[in-house]
Amino acid sequence: MSAPGARLARFVAPASIAVVGASEEGMYPAGIFKSLLGCGYRGRLYPVNPKRTELFGQPCYAGLAALPQTPDLVIVIVPRQAVLGVVDEAERMGVPAAVIISAGFAESDDEGKRLEAALRRRLQTSRMAVIGPNCAGFASLANAVIATRLPAPARSGAVGFVSASGALMMALQGLFADAELGLSHLVSLGNQIDVSLTEVIEFLVDDAQTQVIGAFVEGLDDGTRFARAAARARAAGKPLVVLKSGRTQAGQAAAATHTAALATSQRVFEAVCRQAGVILVDDIGELTATLHACAAWQTRMPAGRRVALVTQSGGMGSLAADWTSAEGLELPPLPAALQAQLAAAPALKGVPALGNPADVRGAGTLGQVAADLLGHVLADDAFDAALLLLAKSAVAPRELATAQALAQLAATAAKPFALVWVGQRLPHAASDSGEPQQILAAANIPTFTQPKDALRTLARLAAWQECTPPAAAEPPAVAAAPAAAESPVAAGVEPGARRMLAHGEVAQLLARAGITLIAAQEAADAEAAATAAQRLGLPVVLKGISARHSHKSDAGLVRVGLATADAVRDVAQHWLADPALGVTGLLVQRMAPPGVELLLGVENDPQFGPLLVAGPGGVLVELLNQTALRPAPVSAAEARSMLAETAAARLLAGVRGAPAADAGALVELMGSLGRLAAATPALRSLDINPVIVHPQGLSIVDVRVEWQEER
Ligand code: ADP
Ligand code: MG
C-alpha cells in the first residue's frame, strides 16, 4: 500500500501540464499560464483554448484531445458549466491529476451546489486526483512548478503550507516572502471535493524537502484522520503549525458558506491538537512568526523552558520577565561563573552585577559585543534559549554591525535565540533599506517587535518539544463491537435509536472495562427498598428513578445517609405516592465515604470520535464549566495533565486541611474509561458525576449513558 499522501506527488512534479482555459487576460487564465512560463518549469506546457491558435508565443490547442500527449496534470480555468465536461474528458484520457480553479460551486448558490454534486458523483468512479474547485492552485518551489499567482517572489525552502482558502494563501505568501521564509510546497484547496487538507499534510509529512508544515484550516470532515496525520508529523519531528478559523459562531457561519466545509467545535479541535503536538496559533502574524521560528530552529528547537533575557533596557527586561512567567517559561538566575565571565567584558565595565534579565546597557548591545555576550549565555547549561532585547538605533552602521555579528553567532549556535527589536525605523537612518532586517532573516534569526510575541513563540515550541507523540500513529485498536448476546442493551430495541441505558445495563457495560459501580440494588417498591438497604448494609443512599428528572437531586430524589430500614421505607413510600415526581423505580446504594467529587465523561464527537472529559464534579459542574478534554484513550501522563488543567488536581491534592485523594486510582479509571470509549462506537455519551475519590480508592455513584446501536 502506498503512503497516505502519495497522490499529491502527481501534482507537484508533473512532466507535462495542460492549462484548459488559458488566455492572454484574466487573473487566473493569464496569470497561471504566465507563472508556469516564467518559473523555470522544465516539463511540457500546453495552453488549451478553442478560440486561439497561439498564446504567449506557444501553439494553443483546441481541446485536450488535440494535445500531442496525455498530460500529467490538467489545470481547469473554464466557466463552471464547462468544468464537468473537461474533467470527464481528462479522466477518460487517463490524466492522473487535475486542479480546478473555476469557482461558482457549493460556495456560491443552488446551481453551484448542483454542479459540485455532479462533479463529486463523476469522481466517485475515477482514479484521477482532483484539487478544488474554487481554489487558487499550488506552487511547488522545490520542483520549479508555480501553478498559481504569487504576489511576491518565492524562495525554495523547508516550509510546506496548505490552505483551505486561496486568497489567504496568496496573501500569506507575501508575508512569507517578507520574512524570507523558504517554501517547499504551497497548496490551496478550495472546496476539497477530492484532495483534502489532511491528505496534503500526509504528503508533506513524508516529503523530503519539507521540514516544517503550516496549515490554514476552515473545517475538517476527516477529524480522526487529521489527528493521525498530526501525530505522524510530530513523530517525524516536523512541527505542524495550524491557524484555524471557526472558533466563534460567527466564524463558523463564515467558514460554512466559504468553502461549504464543516466547522468543528474549537474546544475539541484544541484538545486533539494538544494531544497530537500541533502548534495552534491565533492569527496571521503568529502563523508567519511561528513558521519562521520553526524553520530557523529546525535543528535546535528549545530543549526546555529556561530562558535568558539579555537586554539593553531595564524597562524592556522587566516587561519581558512578566511575559516569561505568563507564557509558562522559566527565568533561572545567571550562574556565578557566567556572571564572572560577562563581567570581564570590557564593554561592561562599570555595569552592576548581572541577573536575569541581564541588563547590559547600551554598550553591551552593539555589534560584536552583543554577539559575544549572547554567545556566552547560550553556551551555559543553565539555559535552553535566549532573547536579545534591543531598541532600534538611529545610527545605521551600528544596526548593520549588530545584525552581521548576530548572523555569525546564529551560524554556530547550538541553541535558539531571537531578537526583540523595538522601535520605529528612523526616517533619516541609512538602514531604512531594511538591510539589517534581511541579514537577520536570512541568518535564521527570528525577529519580533514585542517581547510577548517572542516569548509566546518560544513557549509554543518548548511545548512542541515536550509533547510525546501518541504511540498509536494508527487508530486505536477498536475492539470488536460487543456480540449481540453481550450487548448491554435489551433485545428488541430498535437499532439506530438513541436511548438512555438503565442501571443494570450501565453496570454491565462498565464491568466489561473492569469498572465497578458502588454496590447498589434496584427496587420496585418501598418494601423491596427496605430489604435491599439491609442487605447492602446501612446507612444507604436512596434515589428515585424518574424520566422527568435527569438531575435527581434537583427534585429531591436523592437522600443520603438513611440509617435505618424504616427510614428507607418511609422516604420510598412518600416518593411513590406523589404522582408529580414521576418516580418509576428506586435505587438503593451503599453510602460512599467522603472524598473529592469529580466528573468523568465520554463524548462521541462526530468529527474526532470518542473524547474523554474530566473536571471538578458535583452540583457546580454546569456553573464552573471547567472540564479538560482529550481524544480517547488517554495515557496515564495525559490523564494527569487533564486533571492539572482544571481545579481537579488541586482538589485531589487536598484543600483546607482535607486529606489528599487517591489520584492514582482516578488515573487508572480514566485509562479504563478511555479504552472502553474507543472500543465502543455505540457509546454516544457517558457521564460519571460524581466519582467520589477517597484517600484510598474511589466510588462511582452516578452514571448516565446515552447509547445508539449501529444500524
Ligand atoms: P443527580 O441526579 O442529582 O446528579 P447523584 O446520584 O449524582 O444525583 O447524587 C447527588 C449527590 O448526592 C452527589 O453529588 C453526591 O454528593 C451524593 N451522593 C449520591 N450517591 C451517593 C452515595 N452512594 N454515597 C455518598 N454520596 C452520594
Ligand atoms: Mg449526579
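Whatever order the structure lists them in is the order used to number ligands and atoms, beginning at 1. Sequential numbering from 1 along the given sequence is applied to the chain's residues.
Checked for salt-bridge contact, K452 and E327 miss the test: no charged N lies under 4.0 Å from a carboxylate O. A salt bridge is defined here as a Lys NZ or Arg NE, NH1 or NH2 lying under 4.0 Å from an Asp or Glu carboxylate O, and E202 with R232 fails to meet this definition. Using a cut-off of 4.0 Å between Lys/Arg side-chain N and Asp/Glu carboxylate O, D453 and R456 are scored as not salt-bridged. Salt-bridge check for R499 with E505: passed, with a basic side-chain N closer than 4.0 Å to an acidic carboxylate O. Remark: R684 does not engage E603 in a salt bridge, criterion side-chain N to carboxylate O under 4.0 Å. Using a cut-off of 4.0 Å between Lys/Arg side-chain N and Asp/Glu carboxylate O, R460 and D282 are scored as salt-bridged.
In K552, the parts holding a heavy atom less than 4.0 Å from any atom of ligand 1 are both the side chain and the backbone.
The closest heavy-atom contact to atom 10 (C) of ligand 1, among the options P539, S553, S699, comes from S553. For atom 26 (N) of ligand 1, the nearest non-hydrogen atom from the set I688, I692, I700, L587 comes from I692. Comparing A592, P593, P594 against atom 24 (N) of ligand 1, the shortest heavy-atom distance belongs to A592.
Test I518, L542, V558, V540 against Q589 for side chain to side chain contact (heavy atoms under 4.5 Å, CB included) and you get one pass: I518.
Applying the 4.0 Å criterion to heavy atoms of P690 picks out, from ligand 1, the atoms 7 (O), 13 (C), 14 (O). Counting atoms of ligand 1 from 1 in the listed order, those under 4.0 Å from a heavy atom of N689 are 7 (O). Near D702, with a cut-off below 4.0 Å to any heavy atom, the atoms of ligand 1 are 1 (P), 2 (O), 4 (O), 5 (P), 6 (O), 7 (O), 8 (O). Shown in contact with V558 at under 4.0 Å from a heavy atom are these atoms of ligand 1, numbered in order with element: 8 (O), 9 (O), 12 (O). Listed by number with element, the atoms of ligand 1 under 4.0 Å from a non-hydrogen atom of K543 are 5 (P), 6 (O), 19 (C), 20 (N). Ligand 1 places these atoms under 4.0 Å from at least one heavy atom of H551: 2 (O), 3 (O).
By the side-chain hydrogen bond (donor to acceptor under 3.5 Å, both in side chains) test, T324 pairs with no residue at all, sequence neighbours left out. In this structure S641 satisfies the side-chain hydrogen bond (donor to acceptor under 3.5 Å, both in side chains) test together with R630, sequence neighbours excluded. Contacts of R675 classified as side chain to side chain contact (heavy atoms under 4.5 Å, CB included), with partners at least two apart in sequence or in another chain: P633, S672.
Protein N/O/S atoms closer than 2.8 Å to the Mg ion (ligand 2): N689 O, D702 OD2.
A cation-pi contact, defined as under 6.0 Å to the ring centre and within 45° of the axis, is absent between K244 and F216.
Contact annotation: H549 has no heavy atom less than 4.0 Å from any atom of ligand 1.
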